[in-house]
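Notes for the one structure printed next.
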Number of protein chains: 2
Amino acid sequence: MNIYDVSKHAHVSIATVSRVINGNPNVSEKTRKRVLAVMEELGYTPNVFARSLGLNSMKTIGIMCADSSDPWLAEAIYYLEKELRGNGYDSILCCTGYLPETKKKYLELLRSKRVDAIILTGSHYIEAKPKDNAYLLEAAKDLPIMLVNGSLNGEQIYSTVCDDHAAVYDAALQLYRSGRTSVLYLYSGSSFSNLRKISGYRAAVKDAGYAIREELMVLCHKDLDAALERLDTLSRSGVHFDAVLASEDILAVAAVKYADKAGLKIPQDLSIIGYNNSILSRCTTPEITSVDNKVEALCTTTVNTLMKVLEMGNVPTKTTITPELMKRGTTDF
Amino acid sequence: MNIYDVSKHAHVSIATVSRVINGNPNVSEKTRKRVLAVMEELGYTPNVFARSLGLNSMKTIGIMCADSSDPWLAEAIYYLEKELRGNGYDSILCCTGYLPETKKKYLELLRSKRVDAIILTGSHYIEAKPKDNAYLLEAAKDLPIMLVNGSLNGEQIYSTVCDDHAAVYDAALQLYRSGRTSVLYLYSGSSFSNLRKISGYRAAVKDAGYAIREELMVLCHKDLDAALERLDTLSRSGVHFDAVLASEDILAVAAVKYADKAGLKIPQDLSIIGYNNSILSRCTTPEITSVDNKVEALCTTTVNTLMKVLEMGNVPTKTTITPELMKRGTTDF
DNA sequence: TTGTATGCGTTATCAG
DNA sequence: CTGATAACGCATACAA
């Protein structure tokens, strides 16, 4: 069942059938209808492979993410897929894990599949050392690279980021303003986004008139038990804190559990702020004040930008989106 | 940069190059090495479109799910993608939503993309009325259809399910055995899986020696606020219950919140069991006893079965996996 | 407005 | 073991 069969049955050439398929206006209404009728009758579907071969494009975008089961990334993927499909593009998904080598491997794989562009979802794709990002610049010579919540300068590289620095700065400052004196910053890695967050925290501490205390900046695994354990030992070792600002909601959940265990009242004895405004922030009692970093906006903006890029339009290289603090029961402001 | 370029540089025919690419044994070791060297040198990558055209296969599996941001589905997608890629297959993702029409539409779309098989993820794809599943039987004439946590009989349709009936039966019975007298069953829909769960609940009520009370089987939206509100009004309207068994963790979270609000002690005044053993079940205080329905096992089994199907092997039409009750703080057994 | 001929980069089928 | 050549199904430049 191919274009030839249709052309025979409709008594036209394959060129005409092709024109009909592609909406070329240079076809008389009569022939168009006849061809369409035949296509319907035969249940004809164009062969995407042959079409791709001619056009050298699949109308497919590669989506890379570290781990599609991470709630934030899962939500991002949802919006990206939806938005892309709305624009007539398919998405092929790659969960790359967090290792640089596998990230590179999957990027190569997607390139070999001749996707029309690649979207890197989440802040784990930009490394601190420029040479570790070189492979992205290299890939961007062939196709557009879109960063969702990451930023990198380069030809054909487009970034859409949430202003994490401002979000954390603002959150921390509000904690100090509400009377806290020792805000613990709990974070889980050193991705692009995490670095920006930490710098926001540092700036806030200074602007609140305090000295930076390294022991209040605590790195731990993105895991409930690990974080709880970390807070426990920290407290036992004599470090005092009356607020926890976390780089991830799950860490904030751990802080709530820690307060429960230690008999601390929330938010009086311990204020807590999470990050991402995920469903996790709503499962605890009290519910957690959390920074909404606007996944949906990040994703739709990314896809919109990409569509303009593919249409050869002129587009901004970097778009910044403003996060918002969702106030709930773990803070008293 | 194509197979002709390689053949020229290596002084062989394109047929030989093709053989090398495809690991055909009918090539002398010497030639193979030479060709591989040239390919490396020129940085040649086979054109997937042309290859697909010849093979009429993309080595790509379509994954359909209702909503990739649903935690359970997100996790499933993660395992499916990983497992498929390990077998050399790409996955193209489709979030179909919950409406029958869009489900059909996306299935057609994937078919037109000539994917090698389609995986339907989650229990939302099997409808109660046989005629609503007819389109799946129709599609299965062309390619294998794999169901993850759904079941349907038909040629080229393979199901991998978790025994939801047994899981809920067992959970409910344990609640009665631990002294509860009125177990409220809270559920969010009437998918295949939900129907099986309800039948498990009904069986348990009977086997525990109680009469079925319709007012104890409560349907509500899969949403924190909606569920909380539902429990509130239910209680105010005089319905008594001393345990909540939920078809989703999020509903169990709502039950915990309800107990907090109503001043009920968990598990003494109200025992709670959730379903899915998701991270949500670990965010509350106390943490929620939840049925682990083995996402990973479901997904790896599905992919393994699919691989056998694609290799024309003989495979079971239906595989059942046994769930497990993860006991935590919301129950006293 | 329509048809013809050719290219796209492979794989597969022969014949040697 | 190797090579020539015909599919594969479509898009498109060019001719009519």
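When reading the values below, keep in mind they use all heavy atoms of this one structure, side chains included, and skip hydrogens, waters and symmetry mates. A, B, ... follow the sequence lines: proteins, then strands. Residue 1 opens every chain. From a predicted model like this one, the values you see are computed outputs, not experimental measurements.
- Among the atoms of the strands shown, none is found under 4.0 Å from any heavy atom of F49(A).
- Nucleic acid contact for T31(B): sugar-phosphate only, since backbone atoms but no base atoms lie under 4.0 Å from a heavy atom of the residue.
- Distances from the side chain of I14(B) to the nucleotides dG3(D), dT11(C), dT4(C) place dT11(C) closest.
- If you check every strand for non-hydrogen atoms under 4.0 Å, V48(B) touches nothing.
- Not a single donor-acceptor pair under 3.5 Å links the side chain of S18(A) to the backbone N or O of I14(A).
- Within the 4.0 Å cut-off from OP1 or OP2 of dT10(C), not a single side-chain nitrogen or oxygen of S52(B) is found.
- L53(B) places its CG atom 4 Å from the C1' atom of dC8(D), with the value rounded to the nearest Å.
- N22(A) and R51(A) are linked by a side-chain donor-acceptor pair at a separation below 3.5 angstrom, with hydrogens and angles left out of the test.
- Taking atom CG of N24(B) as the reference point, atom P of dT13(C) lies 11 Å away to the nearest angstrom.
- Distance R34(B) CZ to dC1(D) C1': 12 Å, rounded to the nearest Å.
- Across all strands shown, N26(A) has heavy atoms under 4.0 Å from base atoms, whether or not it also approaches the sugar-phosphate.
- Judged by distance alone, the side chain of K103(B) and the main-chain N or O of H124(B) form a donor-acceptor pair under 3.5 Å.
- For the pair N47(A) and dC8(D), the criterion of a side-chain N or O lying under 4.0 Å from OP1 or OP2 is not met.
- Not one side-chain nitrogen or oxygen of S13(A) sits closer than 4.0 Å to the OP1 or OP2 atom of dT4(C).
- Closest to the A15(A) side chain, of the nucleotides dC10(D), dG3(C), dT10(C), is dG3(C).
- Here dT10(C) presents its C1' atom at 16 Å from CE of M1(B), a figure rounded to the nearest Å.
- Considering only side-chain atoms of R51(B), the nucleotide from dG3(D), dT4(C), dT11(C) that sits closest is dT11(C).
- Under 3.5 Å, the side chain of Y4(A) and the base of dC10(D) form at least one donor-acceptor pair of N or O atoms.
- Contacts of L55(B) with the nucleic acid, taken as non-hydrogen atoms under 4.0 Å apart, involve only primed sugar atoms and P, OP1 or OP2.
- Rounded to a whole Å, the CG atom of N2(B) is 9 Å from the C1' atom of dC8(C).
- Within 4.0 Å of V17(A), counting heavy atoms only, lies no atom of the nucleic acid at all.
- Under the 4.5 Å side-chain criterion, counting only non-hydrogen atoms from C-beta, V303(B) is not in contact with Y89(B).
- When the P atom of dG9(C) is taken as reference, atom NZ of K8(B) falls 12 Å away, rounded to whole Å.
- Among the heavy atoms of the strands, none lies under 4.0 Å from N56(B).
- Ranking dT10(C), dC10(D), dA4(D) by closeness to the Y44(B) side chain, first place goes to dT10(C).
- The distance from atom CE of M58(B) to atom P of dT11(C) is 16 Å, rounded to the nearest whole Å.
- Between I21(B) atom CD1 and dA12(C) atom P the separation is 12 Å, expressed in whole Å.
- If you check every strand for non-hydrogen atoms under 4.0 Å, S18(A) touches a base.
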From CA spacing to verdict: salt bridge (charged side-chain N to carboxylate O under 4.0 Å, His left out), E101(A), K104(A): CA-CA 5 Å; E101(A) 294 150 51; K104(A) 276 189 209 180; over 6 Å; no

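- With contacts defined as side-chain heavy-atom distances shorter than 4.5 Å, the pair C299(B)/T302(B) does not qualify.
- Heavy-atom nearest nucleotides on DNA chain D were determined for I3(A) and for R19(A), and the one closer to the 5' end corresponds to I3(A).
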